[in-house]
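A short worksheet on the structure shown next.
All values derive from a computational prediction rather than experimental measurement. Heads up: numbering here begins at 1 and tracks the sequence.
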Amino acid sequence: MFYILKLVKKLDIHPRSFGKNLREVIHEKLVQEVEGTCNSKYGYVIAVTKVDSIGEGLIRQDGTGLATFSVHYSAVVSRPFKGEVVDCVVATVNKMGFFADAGPMQIFVSNHLISDELEFNATGDPSYQEHTEVRVRIVGIKIDQSDIFCIGTIKEDYLGVLSGPL
């Protein structure tokens, strides 16, 4: 689920930032632009751990004076895989199932993928209410350009409610 990858990003830097603090400006802009984003190929970028190298800046010819720098960096990324078991916290419950948060991603568990001893009861509290810790196996993943959607199950041995509401 969590990996350290070496990635590359091209950053445009304004001329007013040119000077002795250029490296710090590039590092700050890199963190602002990539941390917390989702990449369809690598998953969620959790944190930039290290800037490995900064290429020479190329001044653009469009009259703005911006310089484009190629930045090679290492980052912690999170990407789920089908079949992976994840501990998460129930965020919302409805009559169709529940949504659980596992870090930056959200997993939907349908009532059809919940064991029979756990059931939704509209008049009382279900066994899986909000803020309950659950262990889920990911059975489906849909990745688009800016988000990852997962379907999970708790209808297997050793899966299900870990603890009550936090």
Side-chain angles (χ1 to χ4, degrees), residues 1-92 96-110 113 130-154 156 158-160 162-163 166:
M1 173 166 251
F2 293 101
Y3 306 94
I4 295 180
L5 294 178
K6 293 190 180 291
L7 303 169
V8 178
K9 174 81 173 164
K10 291 189 183 291
L11 295 176
D12 291 332
I13 305 296
H14 195 274
R16 72 174 161 257
S17 301
F18 300 166
K20 63 180 181 177
N21 295 332
L22 180 60
R23 288 183 128 1
E24 290 80 20
V25 169
I26 291 173
H27 186 271
E28 287 174 19
K29 184 160 184 171
L30 176 69
V31 168
Q32 287 176 346
E33 287 193 14
V34 300
E35 282 187 2
T37 61
C38 182
N39 179 306
S40 61
K41 186 174 181 181
Y42 304 115
Y44 292 100
V45 178
I46 306 297
V48 173
T49 57
K50 178 182 167 193
V51 174
D52 297 320
S53 68
I54 300 171
E56 292 182 5
L58 298 173
I59 297 177
R60 296 185 359 196
Q61 299 297 319
D62 59 2
T64 63
L66 295 176
T68 302
F69 290 87
S70 180
V71 182
H72 295 257
Y73 64 99
S74 300
V76 176
V77 297
S78 172
R79 187 180 191 288
F81 290 96
K82 191 174 178 180
E84 185 174 12
V85 175
V86 179
D87 290 349
C88 47
V89 177
V90 175
T92 57
M96 302 297 290
F98 65 85
F99 289 92
D101 294 330
M105 78 178 163
Q106 197 168 54
I107 303 168
F108 177 70
V109 180
S110 167
L113 297 172
E130 290 181 15
H131 309 295
T132 301
E133 292 180 2
V134 292
R135 181 164 289 150
V136 174
R137 179 179 305 278
I138 296 173
V139 295
I141 300 172
K142 180 180 182 267
I143 300 174
D144 66 17
Q145 289 298 325
S146 62
D147 214 353
I148 299 175
F149 305 97
C150 297
I151 303 294
T153 183
I154 59 172
E156 296 176 15
Y158 308 108
L159 301 178
L162 297 175
S163 69
L166 300 172

Is the shortest side-chain heavy-atom distance between [X] and [Y] below 4.5 Å?
X	Y	answer
Tyr158	Arg135	no
Ile54	Arg23	yes
Ile26	Ile13	yes
Lys9	Leu30	yes
His131	Val90	no
Ile148	Lys142	no
Val86	Pro80	no
Val85	Leu159	yes

With Val48 as reference, evaluate Val76, Val71, Val34 under the side chain to side chain contact (heavy atoms under 4.5 Å, CB included) test and give the passing residue. Val34
Option passing side chain to side chain contact (heavy atoms under 4.5 Å, CB included) with Val31 (candidates His27, Glu28, Lys29):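 When His27, Glu28, Lys29 are each tested with Val31, the side chain to side chain contact (heavy atoms under 4.5 Å, CB included) holds only for His27.
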Mind telling me whether Phe69 and Phe18 have parallel, tilted or perpendicular rings, with 30° and 60° as the class edges?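 Geometry flag for Phe69 against Phe18: perpendicular rings.
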Would you find more than 12 non-hydrogen atoms of other residues, nucleotides or ligands less than 6.0 Å from [X] atom [atom1]?
X	atom1	value
Phe81	CZ	yes
Glu24	CD	yes
Tyr3	OH	yes

For Leu22 and Ser17, which heavy atoms make the closest approach, and how far apart are they? CD1-O, 3.8 Å
So, for Ala75 and Leu7, which heavy atoms are closest and what is the spacing to 0.1 Å?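 Closest pair (atom of Ala75, atom of Leu7, distance): CB-CD1, 4.3 Å.
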Rounded to the nearest 0.5 angstrom, the NZ-OG distance for Lys50 and Ser74 is 6.0 Å
Nearest-0.5 Å distance that lies between atom CD1 in Ile154 and atom CZ in Phe98: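 If I round to the nearest 0.5 Å, the distance is 4.5 Å.
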Arg137/Glu84 under salt bridge (Lys or Arg N to Asp or Glu O under 4.0 Å): CA gap, chis, key distance, verdict: CA-CA 6 Å; Arg137 179 179 305 278; Glu84 185 174 12; over 6 Å; no
Just by distance, do the side chain of Asp144 and the backbone of Ser146 share a donor-acceptor pair under 3.5 Å? yes
